[in-house]
Amino acid sequence: MLFRSIVVLSDGQDTESDITENQMFSACLPKSAEVDGIKLFPIAFGEGADAPLLKRMAHVSGDAIYQADPDSIERAYLRISAEQ
């Protein structure tokens, strides 16, 4: 069985775009959980990460958000790979 997923490693801070969060969600994220079998795994990276935004992203594919910093990033990836 083939698994497809997208891992988003981010602090969730938008520093460059001019679009709203709603525009980003409608343009970039699927409308329902696991569209075409693709799961989204957001990793909130760093102390100042916008966890609420990344949780909303995770909700689209029915999954959880992962928290990480430089010392724990490997564990976050291992937890994600265990779900595949």
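Looking at E21, its side chain never comes within 3.5 Å of a backbone N or O of L53 through a donor-acceptor pair. The backbone N or O of R75 lies less than 3.5 Å from no partner atom in the side chain of S72, so there is not a single donor-acceptor pair. Between the side chain of N22 and the backbone N or O of M24 there is no donor-acceptor pair closer than 3.5 Å.
Minimum heavy-atom separation, A44 to A49: CB-CB, 3.8 Å. A pairwise comparison of heavy atoms in A64 and P42 identifies O-CD, 4.0 Å as the closest pair. In terms of heavy atoms, L54 sits closest to I65 at CB-CD1, 3.4 Å. Between Q67 and A51, the closest heavy-atom pair is NE2-CB, 3.8 Å.
Qualifying side-chain contact (heavy atoms from CB on, under 4.5 Å) partners for L9, counting only residues two or more places apart in sequence or in other chains: I43, F45, I73, Y77.
In this structure, CE in M57 is found 7.0 Å from OG in S10, a value given to the nearest 0.5 Å.
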